[in-house]
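Written out below as structure tokens is the structure these notes cover.
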Amino acid sequence: MSLVDGKIFLKNQKGPAFFLAAKGACFAALFCVLFASCRTTKFVDERTQIMADGLEINASDNAFKIYDAGLKKEDGDDGQFLFLRVYLPNYDNESSSVNVLKKLITYVDPNPEEASHSSIGFSLDDDFYGLTLYSTSDLKKESCLAPESNQYMKLCNPYTSTQTTLALKVTDEEFKKVKDMVEKDFAEQKVKYWVVKNLTVGFDSVKRKKLPWSKARLGGRDLKKGYIKSSKKQKHFVCSTYLAYVLQSCIKKVDDFFKERNVAYDTVSPTDLYYIPGIKVLFTSTWVDYKIAAQEFVRAAPLFSKYLTD
């Protein structure tokens with residue numbers, strides 16, 4: 001069963017009043033704040049869920065799921081997997097403005113999943129790279145098990161915040177290109193989180209939200225202005241547009257898809273990452289249970305054992 005076949009698509013029916021209210025300076029300001037903070041991730045499919053026995057998952061974790069993403073033993077024979085994480089953050093202060101604003105973004109997100117933030121890693125170890133607004137260095141290491149080490153993550157409750165790990169199969173050469181590019185950007189810190197870029201993603205989401213799903217999904221539209229050559233070096237991104245830019249720059253099938261479907265990397269949202277060709281959804285857990293969730297996933301899918309060191 002394919003990833004798309006296995007999804008439960010939940011369509012929120014919204015009235016026209018919301019979209020009218022979304023026009024204007026207030027709406028633009030909201031998008032800046034919303035994308036600068038967080039959104040959410042919702043992916044549930046009972047038909048593809050694998051629940052392993054004997055888990056020692058934290059009692060508060062009702063989010064743990066392992067997904068059957070059509071993985072086969074031979075999938076591990078050649079090439080390597082890159083890993084992406086999308087996050088559902090939950091702030092300790094439930095009445096905070098960021099929690100209220102976080103919910104508003106679901107009104108304009110055209111995808112059935114919800115995601116606020118995304119990062120990239122090269123193994124299933126808890127060592128990912130994400131682009132956020134906080135502190136001097138915008139591209140930072142992110143650890144679900146040590147959120148206090150990251151200014152963005154330490155604002156969230158690790159017992160109730162969740163993550164979903166995705167994987168993309170690439171060639172050995174492409175894997176090295178992506179890893180070299182991200183590590184170079186991390187070392188140089190020239191890539192910057194630019195809040196204004198959220199307006200591009202946000203207004204594009206509003207337009208897509210009004211379309212039928214076949215047109216609203218990533219690459220589903222024929223746009224007059226879309227595809228941007230990745231060779232045109234950029235420095236300003238939000239988290240998901242940076243990942244889209246890296247993947248387009250280094251992976252031929254991603255660049256081919258963006259070109260054929262006229263996708264612009266600077267409009268890619270965190271939830272759009274689910275729909276990049278070849279993406280497989282692996283597992284979901286709370287942050288505090290990330291390690292055991294990764295271990296249980298590897299037990300269910302041994303071909304990934306080489307990507308987890310402990």
Side-chain angles (χ1 to χ4, degrees), residues 28-39 41 82-87 89 102 105 108-111 115-122 128-142 150-153 163 166 168 174 177-206 208 218-219 223 225-251 254-255 257-259 261-276 279:
L30 279 178
F31 262 112
C32 287
V33 178
L34 284 167
F35 279 88
S37 58
C38 304
R39 298 193 305 168
T41 303
L82 294 169
F83 300 95
L84 306 176
R85 283 204 304 215
V86 290
Y87 300 84
K102 181 179 70 174
I105 198 63
V108 295
D109 193 333
N111 298 316
S116 65
H117 180 53
S118 53
S119 61
I120 188 168
F122 305 101
F128 281 63
Y129 297 84
L131 188 68
T132 57
L133 185 63
Y134 303 100
S135 78
T136 303
S137 300
D138 290 350
L139 185 59
K140 309 174 190 65
K141 290 288 188 73
E142 296 182 356
N150 181 288
Q151 183 66 31
Y152 156 74
M153 299 186 79
Q163 65 77 38
L166 318 175
L168 179 64
E174 289 170 338
K177 286 175 66 177
V178 173
K179 192 170 188 291
D180 288 348
M181 182 175 181
V182 172
E183 290 181 344
K184 183 175 184 291
D185 287 341
F186 177 74
E188 295 179 347
Q189 286 298 323
K190 292 181 179 180
V191 169
K192 296 298 177 183
Y193 187 102
W194 205 16
V195 69
V196 177
K197 289 289 185 179
N198 289 308
L199 297 178
T200 304
V201 179
F203 284 125
D204 186 73
S205 294
V206 170
R208 292 165 59 192
L218 185 69
L223 304 177
K225 291 183 65 176
Y227 178 78
I228 304 171
K229 291 183 179 179
S230 59
S231 58
K232 184 178 180 181
K233 183 64 176 177
Q234 300 293 312
K235 292 183 179 179
H236 299 112
F237 304 91
V238 292
C239 63
S240 54
T241 64
Y242 173 68
L243 298 190
Y245 175 75
V246 170
L247 297 179
Q248 179 186 346
S249 299
C250 302
I251 301 171
V254 176
D255 185 52
F257 173 75
F258 281 16
K259 186 180 295 184
R261 301 304 304 154
N262 208 18
V263 173
Y265 63 75
D266 65 354
T267 63
V268 173
S269 71
T271 58
D272 284 333
L273 297 172
Y274 282 93
Y275 299 97
I276 289 177
I279 284 287

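All heavy atoms count here, side chains included; hydrogens, waters and symmetry mates do not.
Judged by distance alone, with hydrogens and angles left aside, the side-chain atoms of D138 form a donor-acceptor pair with the main-chain N or O of Y193 at under 3.5 Å. For N150 (side chain) and K141 (main-chain N/O), a donor-acceptor pair under 3.5 Å exists by modelled atom type. A donor-acceptor pair is defined here as one N or O able to donate and one able to accept, closer than 3.5 Å; such a pair exists between the side chain of N262 and the backbone of Y227.
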Practice item. List the steps, then state whether side-chain contact (heavy atoms from CB on, under 4.5 Å) holds for I279 with L273. Key: CA-CA 8 Å; I279 284 287; L273 297 172; 5.7 Å; no

Exercise for review: Decide yes or no on side-chain contact (heavy atoms from CB on, under 4.5 Å) for V263 and D272, but give the supporting numbers first.
Suggested key: CA-CA 11 Å; V263 173; D272 284 333; over 6 Å; no

**Study point:** Working for side-chain hydrogen bond (donor to acceptor under 3.5 Å, both in side chains), residues D266 and T200
**Key:** CA-CA 7 Å; D266 65 354; T200 304; 5.3 Å; no

**Study point:** Residue pair I120, F83: steps toward the side-chain contact (heavy atoms from CB on, under 4.5 Å) verdict
**Key:** CA-CA 6 Å; I120 188 168; F83 300 95; over 6 Å; no

Check your understanding: So Y152 and K140, side-chain contact (heavy atoms from CB on, under 4.5 Å) or not? Walk me through it.
Key -> CA-CA 10 Å; Y152 156 74; K140 309 174 190 65; over 6 Å; no

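Listed here is the closest heavy atom pair of N111 and R208: OD1-NH2, 4.0 Å. Taking both residues in full, the closest heavy atoms of Y87 and S119 are given as OH-OG, 2.8 Å, listed atom of the first, atom of the second, then distance. When all heavy atoms of S230 and Q248 are compared, the closest pair comes out as N-NE2, 3.5 Å. Contact detail for L243 and L84: the closest heavy-atom pair is CD1-CD2, 4.2 Å. A pairwise comparison of heavy atoms in V268 and T241 identifies O-CG2, 3.6 Å as the closest pair. Here the shortest heavy-atom pairing between S249 and K177 reads O-NZ, 4.2 Å.
For residues 239-248, no residue pair satisfies the salt bridge (Lys or Arg N to Asp or Glu O under 4.0 Å) rule, not counting sequence neighbours. Residues in residues 190-201 take part in no salt bridge (Lys or Arg N to Asp or Glu O under 4.0 Å) pair, two or more places apart or across chains.
To the nearest 0.5 Å, atoms CG (L139) and SG (C239) are separated by 11.0 Å. If you take CD on Q163 and CZ on F128, they are separated by 7.5 Å, rounding to the nearest 0.5 Å. With rounding to the nearest 0.5 angstrom, the CZ atom of F258 is 6.0 Å from the CG atom of L218.
Not counting sequence neighbours, Q189 has no partner by the side-chain hydrogen bond (donor to acceptor under 3.5 Å, both in side chains) test. Judged as a salt bridge (charged side-chain N to carboxylate O under 4.0 Å, His left out), and not counting sequence neighbours, R261 has no contacts. Y245 is linked by a ring-ring contact (aromatic ring centres under 6.0 Å, His included) to F237, Y265, counting only residues two or more places apart in sequence or in another chain. Residues passing the side chain to side chain contact (heavy atoms under 4.5 Å, CB included) test with D180, sequence neighbours excluded: K176.
You'll find the side chain of T132 stays beyond 4.5 Å of the side chain of Q151, heavy atoms only. The shortest side-chain heavy-atom distance between M181 and C250 falls under the 4.5 Å cut-off. Here the side chains of S118 and V86 are in contact, with some heavy-atom distance below 4.5 Å.
Y242 and D185 share a donor-acceptor pair across their side chains, judged by distance under 3.5 Å alone.
Using the six-membered ring where Trp is involved, W194 and H236 have ring planes that are tilted, between 30° and 60° apart.
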